[in-house]
Every structure is written in structure tokens, then in C-alpha cells.
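Everything on this sheet refers to the single structure shown next.
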Amino acid sequence: MDATLGMAKTTETAGAPLIQSEINHATPVRARDVVVHYGTKQALFGVSIDIPERSVTAFIGPSGCGKSTFLRCINRMNDTIVGCKVTGKIELEGADIYDPSLDVVELRARVGMVFQKPNPFPKSIYDNVAYGPKIHGLAQSKSALDEIVHSSLRKAGLWNEVKDRLNEPGTGLSGGQQQRLCIARAIAVGPEVILMDEPCSALDPIATAIVEELIDELRENYTIVIVTHSMQQAARVSQKTAFFHLGKLIEEGKTEDIFTNPKHKQTQDYITGRIG
Amino acid sequence: MAGYLFLAIVVLATAAYFVGTMSGRRLVPAGGEKVHSLPGYHGLLGAFAVFIPAAIVLLLWLAFQSRIVDIFLVNSLPSTLIEGRGTGQMSLLLSEIRNVAAGVVFSEPVPDVVAAAERLKSFREVSEWIIAALVAVLMLGGFLWVRSQIAVRFRARNAVERVLSGVMVACAGLAILITLAIFFSLLYEAIRFFSVVPPLEFFFGLRWEPQIAIRADQVAGAGAFGAIPVFVGTFLVAAVAMAVATPIGLFTAIYLVEYSSDRFRSIIKPTLEILAGVPTVVYGFFAVLTVAPAIREAGGLIGIVMSPNSALAAGLVMGIMLIPIIASLSDDALRAVPRTMRDGSLAMGATPGETVMKVLVPAAIPGIMGGVLLATSIAIGETMIVAMAAGLIASLTINPLDSVTTVTVQIITLLTGDTEFDSPKTLAAFGLGLVLFLMTLILNVIALTIVKRFREQYD
Amino acid sequence: MTESTIPGTGAAVAARPSSQAAAALRKRRYAADTRLRVAGLTAILAAVGMLGLLLWTIVSQGLPAFTQTHVRLDFPLSAELVDPADLEATNWRAVVTGGLNAALGETASPAQQRLLSQIITNNAQFIVRDAVRANPSLVGSSITLSVPAADPFDGLNKGQVLRDVPEANRRVSDAQIAWFDQLSAQGRVTAPFNWGLFFNADSRFPEMAGLAGAITGSFYLLLVCFLISFPVGIASAIYLEEFAPKNRWTDLIEVNINNLAAMPSIVYGLLGLAVFIQIFGAPRSAPLSGGLVLSLMVLPTIIISTRAALKAIPPSIREAALGMGASKHQVVMQHVLPLAMPGILTGTIIGMAQALGETAPLLLIGMNAFVTSPPGGILDASTSLPTQIFIWADSPERGFVSRTSAAIMVLLGFLLFMNAIAIYLRSKLERRW
Ligand SMILES: Nc1ncnc2c1ncn2[C@@H]1O[C@H](COP(=O)(O)OP(=O)(O)OP(=O)(O)O)[C@@H](O)[C@H]1O
Ligand SMILES: [Mg+2]
């Protein structure tokens with residue numbers, strides 16, 4: 001844990017931006033006054049946050065406080081929910097992602113997502129990973145596609161386990177392997193940001209540890225946002241933590257600060273287990 | 001007669017209910033004991049005891065009396081009348097006697113027939129008296145038995161519940177019984193058919209001309225009962241129908257699942273249900289009145305001469321009829337794919353179209369296939385559209401612009417109109433019926449199994 | 001996991017999502033998406049369009065049949081033609097001709113007389129006879145009656161028979177048209193609502209043919225069908241859902257029921273013919289036999305929907321009643337069944353609607369007989385609405401095309417009504433748990 005927290009400092013200064021932009025390179029995602037309604041019900045009340053580049057940001061908070069809702073705003077997955085209305089501003093590399101002229105398909109290729117329950121497609125392991133590169137036309141040849149699939153599986157730490165069974169169905173893997181397959185699938189598109197909504201909640205402790213280790217490695221190349229219910233997990237993997245409560249962002253900051261020295265009473269109550 | 005008897009049974013069963021209830025109410029429990037069952041249960045048991053045996057006997061009598069009376073009648077006929085008659089002529093004679101007995105006389109009957117008619121009447125009378133007496137005895141017996149049983153400790157409720165359970169099991173078993181009855185009645189008649197027409201000729205013959213064999217003595221030589229053209233015609237029409245219904249139904253489902261607003265969906269779904277609820281005879285009329293002439297005219301415009309009752313017209317209209325079935329089963333199948341899969345695909349930057357074609361449809365293929373098979377089974381068994389819009393002549397062709405005939409059309413034409421029931425012509429209909437039954441049975445079982453497995457997979 | 005540090009492959013970087021090539025590709029992908037959307041919409045439009053075309057065809061063809069051209073004539077009932085003591089012996093044809101002559105003046109030859117009498121229905125003689133029989137005191141004076149015009153003249157009046165067609169290709173001659181116009185000019189031709197469509201039985205003459213027999217027959221059919229399939233269907237559904245152990249036997253019954261629901265209806269007709277009529281001697285063409293066959297056919301539908309309705313009742317209700325010491329039977333009969341009733345009734349009505357529209361098995365039972373009076377009971381020979389439609393659709397007379405469409409409208413009307421009740425029951429009575 002110490003090592004993880006220690007690495008936070010190095011990443012904040014490290015790494016050139018992937019794409020040149022006049023906006024602050026260190027924060028690829030900036031949200032301002034994000035308000036979300038589901039029909040008449042308001043789920044988010046003006047959330048503003050900066051997500052630092054090439055690091056792990058954790059969203060914590062009691063159930064129903066709007067963590068998933070906010071996470072889904074970042075790649076506009078809320079568009080798929082009928083009656084969901086988002087106002088406010090979210091920028092990816094300085095471009096407003098809710099701009100009508102913006103292409104959601106492009107956005108979602110740049111901002112990948114991993115879900116709570118592993119959801120591999122009912123296809124082979126290979127086809128699961130190749131799905132994204134194929135639809136986005138990332139590979140011009142079969143060998144290039146193989147290359148992407150293999151390297152994505154390697155990056156997801158799954159290669160050694162599945163290299164002999166790439167043509168077997170992805171649904172035949174264990175829960176932890178399935179989740180890493182989903183991560184490989186997300187990586188294969190070459191995203192800048194990866195959103196993870198409670199990626200370990202359906203996994204056993206050992207699989208959880210493996211995925212956590214993976215997340216820690218991925219942060220060298222990707223900006224990661226993770227929603228978690230486990231305070232330990234947030235403390236282990238993240239460099240920045242944001243605490244949500246009843247649709248509001250109560251407090252955000254360096255993970256070590258939030259956990260050792262929360263400014264708000266609610267945050268303190270939550271991390272010490274009094275609410276939630 | 002049967003009507004009056006039934007009325008009597010109902011009235012007396014009601015009476016038994018009240019008597020039983022009253023007796024139950026009058027029971028006086030001895031110290032500390034409780035009457036086991038409520039009075040109503042004693043009454044119900046009384047009603048059951050009166051009703052059930054008597055009603056069963058009455059039904060059996062209704063079902064079999066005419067056969068039994070016939071046997072007595074035939075045995076009583078003087079040999080002069082019977083001599084030299086085949087089964088067909090025998091049944092003609094019997095119906096003549098029945099007509100005379102009923103007072104319907106077309107030409108002056110021979111005295112033997114008049115005498116037989118008189119005997120028929122008396123047999124019927126005797127049979128009615130016997131059944132009336134039997135029913136009366138059964139009712140009385142049942143009633144007295146329940147009377148004798150009514151007591152403080154008598155478990156009338158349990159008895160009533162046992163009877164009810166028995167009735168329910170019998171009803172549930174009826175489903176099996178129906179299937180067996182269909183199978184064996186078709187098999188029985190088909191075997192009689194195959195004793196006249198060899199199965200080899202039926203299953204592999206290329207000529208189907210059953211109309212030639214009108215008289216029984218003509219069969220072996222002239223009639224042609226090679227069913228291949230009929231089967232080919234059936235598949236041709238079904239293939240046209242599926243070629244229309246599958247893409248339209250599937251694309252409809254895809255649109256409803258992936259693109260449609262809830263409002264649009266809530267309008268389109270009931271509209272499709274209307275399409276499914278239109279009786280097939282209406283489709284048949286539509287085919288004859290509108291579609292077939294339109295197709296012919298269209299064919300005429302591009303210089304194709306078409307038969308007025310082309311397989312295309314019948315198949316097209318049948319396809320319209322099948323659209324809602326395929327659409328709704330595909331819609332169910334696509335919807336059964338977990339939402340997380342759809343989200344997973346969309347979150348990778350897939351367009352809705354890519355999501356549905358590359359993730360949802362492949363995942364839902366078993367369910368969709370089940371729907372297509374079910375629709376095929378319906379297409380093969382559909383009768384009215386083809387009976388009205390397809391042809392009667394069995395020609396061996398796979399050109400949808402030609403006129404073909406189908407299994408169901410042949411069954412209908414062979415069995416309507418006044419034909420002797422025993423001629424190979426009518427029996428041929430049962431041979432076709434057996435084939436139809438087995439074909440649809442196999443398709444249905446495969447389809448239902450696939451669909452069931454598919455549902456369990458995502459439950 | 002040293003591999004994880006390998007950066008994105010060349011290929012992936014070359015086609016970053018924001019590159020030009022990727023943008024062009026996305027354009028193609030969106031086009032494909034739009035094509036799929038258009039294909040879906042086209043499919044829906046095709047289906048709905050066909051439904052629209054079907055309904056439009058039926059309605060536009062059928063509406064004219066809801067009026068019937070009548071000709072009002074005064075039939076002289078001179079004592080020399082009509083003997084009040086013996087009405088049967090009267091030459092009613094002559095009386096009818098007399099009525100036509102009275103309106104148009106004497107026509108010369110018998111051939112012309114025949115042409116003239118073709119203007120009104122062939123059954124006019126019986127209509128006049130029945131009217132006189134009901135009121136014998138009229139003999140000696142005359143009787144004024146509106147009698148249906150014969151089918152070709154009904155068509156002429158409705159503009160279906162065109163006057164500018166050459167006489168040879170027309171079903172009515174120029175002379176007849178002249179007579180008809182004369183009658184029209186005298187104000188004798190009317191086109192009132194065609195009550196005969198509902199109150200007449202079948203007839204060879206389109207202008208006299210009605211649906212009374214078919215509607216009564218369908219009523220008896222549904223009665224028999226309901227009386228059998230409703231109790232039997234509910235009993236087996238209750239057994240299967242509430243009491244049956246889950247074993248291979250009940251699995252078999254379940255597969256069986258699903259299969260029966262998908263069996264072609266004509267197979268049930270074969271069963272009815274071979275078993276009910278051949279073995280049990282049930283009457284041919286009678287609603288009893290037809291109803292029996294239909295009841296077997298809708299039984300699976302009723303069982304399946306009843307089971308669904310029973311399944312929708314939450315177990316908590318059963319548990320609560322069982323907890324109070326009720327027997328399993330009492331729970332089912334007194335608590336579950338009443339709560340499931342709306343669902344069961346909805347399913348039953350849908351099953352009955354299915355039975356009402358069914359034709360094929362009834363043809364095998366012989367319910368396409370030509371019957372000129374409504375059946376008096378379930379044992380009389382009769383037709384039903386769908387088989388009547390089939391008979392009329394097969395009839396060559398021009399007037400039957402329109403009648404067939406009108407009969408279809410009546411049938412669809414009944415079906416719509418039944419489905420409306422089912423929808424109402426579902427929405428109003430069914431509780432959401
Ligand atoms: N599709 C939806 N329709 C309507 N309301 C919704 C929908 N999704 C979420 N909500 C509501 O929005 C609020 C925030 O939900 P959200 O899923 O973002 O919470 P969460 O913080 O992710 O909770 P959890 O930790 O349980 O996942 C909740 O009150 C929830 O009821
Ligand atoms: Mg959540």
C-alpha cells in the first residue's frame with residue numbers, strides 16, 4: 001500500500017500528453033456543475049471535478065449516491081437510458097463531450113468502460129478482444145489484429161492463462177478471468193481513459209487482488225477512474241479519491257489526505273463506517 | 001333423451017348437495033370432539049357421488065350407443081339383405097335404414113328395410129331405458145353411500161379433495177390423450193390406406209391424381225397416389241412464405257429492440273398483434289381478391305405469364321401472416337440477451353447497428369431460430385390461405401410462378417364433398433395427415449426445445 | 001507481468017480514433033447504422049402497409065353490402081289469382097309479375113316477362129306469400145312491399161355494374177336498365193340498411209343471403225367449446241401449476257401442451273372426423289361436433305394462459321393462507337383462483353377468439369353445408385362465420401364478393417369486441433404485485 005501511494009507522486013509529474021492540447025495536460029477530464037435527472041428524479045447536484053492523467057481516481061460513497069451515474073456521464077453511457085438528462089459541462093482534452101457535434105462513437109472509443117458484472121460477449125476469447133479493433137478499423141490485416149489482441153491480453157495479464165484457448169467462448173472463463181478479459185477488450189481499442197464501475201465486486205479476494213494489481217500497472221499508460229465500495233481498495237489502488245453523498249461531491253483530494261485527514265465530517269463518518 | 005337425463009343428474013346432484021349440507025349441519029359432536037369437516041363438504045361429496053358416476057356412464061353411453069345399436073341391427077338383418085354387399089354398400093344400407101326410421105323416405109323402401117327400421121327404433125328405445133335405469137341406480141347408490149358415511153369423524157373434506165385431485169389429474173392427462181388420439185387415429189386410417197396403396201408409391205411416387213379413383217373397384221389400376229409433388233408444393237409455398245416473413249419479421253424486431261422509441265413500439269406491437277389475430281380465411285380471401293390478381297398483373301407488365309393461383313401469391317400472403325410470429329419471437333429473443341452485453345458493446349464505441357448485428361443477434365440466434373422453425377411449422381400446416389389461393393392440381397415444380405398444391409389443400413379437397421369414408425381417396429387424406437402431423441411435431445419439438453434452452457441460458 | 005509495459009502497437013496508434021482515416025471509417029459505420037435503421041423501418045412499414053391494404057380492401061369491398069337496393073311495388077291480390085282458403089296453391093310468381101306490370105305497364109311476350117321479373121329477387125314470390133299469409137284480409141285489394149332487387153340491379157344501383165360497358169359484356173340488358181330506370185324515376189327504388197345481412201340465413205341469391213345462420217352457428221360452436229375447454233383447461237392448469245410434482249411425467253405433459261398449441265388446426269379436424277364422427281357417431285355439420293374439435297384446439301391456449309395467471313400470484317398469498325391452517329385445496333380454490341381469475345378470463349377470451357376465427361377443422365366436420373335456416377340447437381346442421389366466408393368466397397355470383405367482405409367485417413367486428421374485452425379485463429382487473 002505504501003508503494004502504491006508513493007507512486008502517485010511520480011505519476012503526477014510524469015508522462016507527456018498523448019495528444020497536444022492547450023488545456024492543462026495533467027487533467028484530461030474536467031467536469032463542471034454536472035447535474036443529472038432520471039425523469040423527474042434528480043440524481044446529481046452540480047458535480048465539478050478534475051481527473052488527473054495517468055493515475056487512478058476512485059469514487060467512493062454510500063449506495064445510491066450517484067457514483068455510477070457520474071461515471072457513466074464521462075463516456076455518455078447515460079444516453080442509452082431513456083429519460084436521463086445531463087446538464088453541465090464535461091471536457092475531454094478540452095472538448096465538450098456533450099457538444100451536439102461530438103461523435104459518441106469516437107468518444108466511447110477514447111473513454112472505455114469496464115462494468116460491475118463481467119460481461120464478455122458470447123463469442124470466443126479472441127473475438128471478444130478483437131471486437132473493438134474490428135469495428136473501429138484499427139487493424140489493416142489479420143496479423144495486425146492478432147498483434148492487438150495478443151498485446152491487449154498481455155496487458156490485461158490474461159495471456160498466459162488463455163493463450164492456448166483463444167477460440168473457446170469467453171463465457172467459459174472464471175469470473176476474475178472474465179473481468180480481465182473485459183479489461184483487455186477495453187484496452188484493445190486504445191482508449192485514453194478507462195472507467196471501471198465496481199470492477200471487483202463480483203470477484204473473490206484472490207481475483208480481486210489480481211485485478212487490483214493490473215489496475216495499478218495500467219495506470220502507467222491510461223487514465224483510470226474507478227468506483228468502489230471498498231475503502232481498502234480505494235486506498236490501495238487510487239492516487240486521488242472523490243467522496244460522493246446524496247448526489248453531491250462532498251470532498252476530493254489525494255487519496256492519502258482523504259483517508260488520513262478528511263475535511264468534512266460526512267467523509268470521516270463514511271470512511272470510519274458510520275454511514276453507508 | 002340424453003338431455004333430459006343430464007338435466008335430471010344436475011338437479012339431483014344439486015339436491016344431494018343440500019341434503020348433504022343439512023345432514024352435516026345436524027351432526028352433534030360428542031363431548032370434546034369436533035366435527036371434522038364443514039357441512040358444505042358433506043354436501044359437495046353427496047353431489048359428487050350423485051353426479052360423477054352417472055355423468056360418466058351417460059357420456060360413455062352417448063359415445064358408444066350408436067355403434068352398439070348398429071351391431072345389434074346388423075346381426076338382426078336377414079341374410080337376403082346382407083348378401084353380396086361390401087363395407088361401402090353396407091354403410092349405405094345402414095344409413096337408408098336410419099333414414100327410414102327417422103321418417104325420411106326418398107323412395108319406397110323394401111319391406112325388409114322397413115322391418116329393420118322398426119327394429120332399430122325398438123333397439124334404441126331399449127337402450128334408452130337401460131341407460132335411464134342405470135343412471136338412476138347409480139345416482140341413488142351414490143347418494144345412499146354418502147348418507148351412510150356422514151358422521152362426526154367422517155373426513156368429508158379429504159374425500160372431496162381427493163375427488164377434485166382425481167378430476168384435475170384426469171384433465172391434465174387429457175392433453176396426452178389428445179396427442180395419442182390424434183396419432184393413433186391418423187395411424188389407423190393411414191395403415192388402411194397403405195394396405196391399398198403401397199407406402200413406396202406414396203412416399204416416392206411422382207404422380208398425384210387421387211380424383212381419378214372415385215370408385216372403389218378402380219383403385220389399384222388407375223389412381224395415382226405418389227405424394228412427392230404434394231410435398232414439394234407444400235415446401236415451395238412454405239419457402240416463399242418464410243422468404244417473406246423472416247427478413248421482415250427479423251428487421252422489425254431489430255428496429256423495435258434497438259432503434260424504436262417506447263411510444264412507437266407501443267403502437268407497433270399491438271398493430272402487429274392485429275395482423276396475427278386476423279383469421280386465416282380472411283387472408284385467403286385477401287390473396288384471391290387482391291394479391292393474386294396484382295401479382296398476375298405485375299407479371300403481365302414484365303411479360304411473364306403466371307397461373308392465377310401461383311405459389312407466389314399464396315406464399316406471399318402466408319408470409320404476411322407469419323411476420324408477427326417471427327417478429328415477436330425474435331423480439332423476445334433479442335430482449336432476453338442481458339442488457340449488460342448491449343452496454344458492453346456500446347461502451348466500446350460500437351454503433352447501435354453494430355451492437356445489434358454483432359452482439360445481440362449472434363447471442364439471440366437460438367431463440368430466433370426457434371421462432372423461424374415454429375413459423376415454418378405453421379406455414380406447412382396452414383390450410384385456409386392455400387385452400388383458397390393455391391391450386392388443386394399437383395404439378396412437380398419448384399417455380400413459384402406455377403400453380404402447386406399442398407398437403408393441407410389435398411386433405412381439404414379429399415375430405416369435403418360427398419365421398420365414401422372408406423374409399424382410398426379419403427384414406428389418402430389421412431395418410432397425408434399423418435405425414436403433416438409428424439412433420440410439424442418434429443419441427444415443434446425441436447423449436448420448443450431450442451427456445452427453452454435459450455431462455456434457461458439467460459435466466 | 002512484464003508484457004504489460006509494452007506500449008500500444010503500431011497499428012493501434014496509427015489509427016487513433018481522432019485521425020482522419022478513423023473519421024472516414026466512422027462515417028461509413030454510421031451509414032451502415034442508418035441503413036439498418038431504414039431496413040427496420042421499411043420492414044415495419046411493409047407489415048403495417050399490408051395490414052392497411054388488407055383492411056382497406058375488405059372495408060371498401062364490404063361497405064356497399066351493408067345497404068341493399070329495394071324496389072317498392074304494389075302487388076295486386078285479385079281474388080282470381082289468390083285464394084285465401086288455399087294460399088299454397090296460389091301462383092305467387094304471377095302475383096309478383098303482376099306487381100311489376102302494375103308499375104311498368106303490360107309487357108308483351110313471356111320472354112320479356114321473364115326478363116322483367118329478373119329485376120327483383122327470385123325470392124320475391126315467397127316474400128309476398130309470407131306477407132299475405134300474415135295478413136289474409138288483404139286478398140282482393142293489393143299489398144305494397146319493398147322487395148330486394150336482384151344482385152345485378154343492386155350492382156347497377158350502386159354503380160358496380162357499369163352502364164357504358166357493351167351490352168354483351170354486361171349482366172343486365174339495355175331493356176332491363178330502361179325498366180329499372182323507370183322504376184327509379186317513380187321513386188320506387190331505395191337503398192336502405194341491409195338488415196337482411198344479419199337476419200337472413202344463407203341463400204343461393206346474394207341479395208337474400210345473410211349471416212343469421214352463420215352467427216347462430218358460431219354462437220353454438222363457442223358455447224360448446226367454452227363449456228368444455230374452460231373447466232377442463234382450468235382444472236389441468238391448476239393441477240400442473242399448483243399440485244403436480246416436478247417429474248418427467250409432468251415435463252412430458254408440458255412439452256405436449258406446448259406442442260399441441262402449435263399443431264396445425266386441420267389435424268384437429270382430422271381427429272374430429274375420425275374419432276368424434278366416425279367412431280362416436282357425432283352428427284356431421286353440427287355445432288356439437290365442431291365445438292368439440294375447437295375445444296380440443298383451444299385447450300392448450302387456455303391451459304398456458306391460466307398457468308401464467310396462476311404463476312403471477314405471489315407465493316406470499318399462498319403461504320399466508322397455508323399458515324392459517326387452510327388445506328392446499330382450500331388455498332387454491334378460495335385464494336389463488338379468484339385472484340387469478342382476470343388473467344384466466346383474458347386467456348379464455350383470447351382462446352375463444354381463436355376458435356371463432358378457425359375454419360379448416362370445421363370444413364372437415366362438414367360445417368360448410370348449404371343451410372337455409374339458422375340452427376335450432378347444437379345438433380342441427382349449420383355453418384359458422386368463417387366457413388360462411390369460405391362458402392361465399394367460392395361463390396361465382398358477383399354480389400357475393402361484396403357480401404364476403406361484409407361477412408369478414410362482421411367477423412372482425414366480433415373479434416375486435418372480444419379482444420377489447422380481454423384488454424379491458426387485463427387493464428382494469430388484473431392487479432400488479
Ligand atoms: N436508470 C435509472 N432510472 C432512474 N433512476 C436511476 C437510474 N439509475 C440510477 N438511478 C437513481 O439515481 C441515483 C444514483 O444512482 P447510481 O446508480 O448512480 O448510484 P451509485 O452511487 O452507483 O450506487 P451503488 O453504489 O449502489 O452502485 C439513485 O437514487 C438511483 O435510484
Ligand atoms: Mg453503481
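Note that these values count all heavy atoms, side chains included, but never hydrogens, waters or copies made by symmetry. Every chain is numbered from 1, with letters handed out A, B, ... down the list of sequences.
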* **Euclidean distance, S330(B) OG relative to L360(B) CG, rounded to 0.5 Å** => 12.5 Å

* Do I44(C) and F264(B) pass the side-chain contact (heavy atoms from CB on, under 4.5 Å) test, and can you show the C-alpha distance, the side-chain angles, and the key distance before you say yes or no? -> CA-CA 11 Å; I44(C) 291 177; F264(B) 186 70; 3.8 Å; yes

* **N419(C) side chain vs L415(C) backbone, donor-acceptor pair below 3.5 Å** => yes

* Asked: Highest number of heavy-atom pairs under 4.5 Å with chain B: which of T42(C), N258(C), L45(C), D394(C)?
  -> N258(C)

* Asked: Between S185(B), G433(B), G173(B), A170(B), which has the largest tally of heavy atom pairs under 4.5 Å with chain C?
  -> S185(B)

* Structure fact -> Assert top hit (heavy-atom pairs under 4.5 Å, partner chain B, pool G366(C), A46(C), A244(C), A262(C)) equals A262(C)

* To do: Return yes if a side-chain donor-acceptor contact under 3.5 Å exists between D331(B) and S328(B), otherwise no.
  => no

* **Interchain contact, V356(B) with chain C, by part (heavy-atom threshold 4.5 Å)** => side chain

* To do: Using a cut-off of under 4.5 Å on heavy-atom pairs, state which of L296(C), T34(C), I257(C) scores highest against chain B.
  => L296(C)

* Asked: Is there a donor-acceptor pair under 3.5 Å between the side chain of T250(C) and the backbone N or O of P245(C)?
  -> yes

* What part of L174(B) is in contact with chain C, defined as an atom under 4.5 angstrom from a non-hydrogen atom: side chain, backbone, both or neither? -> side chain

* With a 4.5 Å limit on heavy-atom distance, are the side chains of M384(B) and Y283(B) in contact? -> no

* Structure fact -> Looking only at I178(B), I323(B), I254(B), I378(B), most heavy-atom pairs under 4.5 Å shared with chain C are made by I178(B)

* To do: Could you tell me which of M333(C), E358(C), Q330(C) has the largest number of non-hydrogen atom pairs under 4.5 Å with chain B?
  => Q330(C)

* Asked: Do any N or O atoms from the side chain of S66(B) and from the backbone of F64(B) form a donor-acceptor pair under 3.5 angstrom?
  -> no

* Structure fact -> Bottom line for I182(B): the part with an atom under 4.5 Å from chain C's heavy atoms is both

* Asked: In terms of heavy-atom pairs under 4.5 Å, which option from G233(C), G281(C), A235(C) contacts chain B the most?
  -> A235(C)

* **Pick from V232(C), L54(C), V267(C) with the largest number of heavy-atom pairs that fall under 4.5 Å of chain B** => L54(C)

* Structure fact -> Closest non-hydrogen contact found for E382(B) with I385(B) is OE2-N, 3.1 Å

* Engaged part of V288(B) at the chain C interface, taking heavy atoms whose separation is under 4.5 Å -> neither

* Select one option (side chain, backbone, both, neither) describing which atoms of S165(B) are under 4.5 Å from chain C's heavy atoms. => both

* Which bit of T351(B) comes within less than 4.5 Å of chain C, counting heavy atoms only: side chain, backbone, both or neither? -> both

* Asked: Just how far is it from atom OG of S377(B) to atom CD1 of I446(B), taken to the nearest 0.5 Å?
  -> 10.5 Å

* To do: Measure from the side-chain N and O atoms of S289(C) to the backbone N and O of S285(C), and report whether any donor-acceptor pair falls under 3.5 Å.
  => no

* Asked: Is it the side chain or the backbone of L186(B) that comes within 4.5 Å of chain C heavy atoms, both, or neither?
  -> side chain

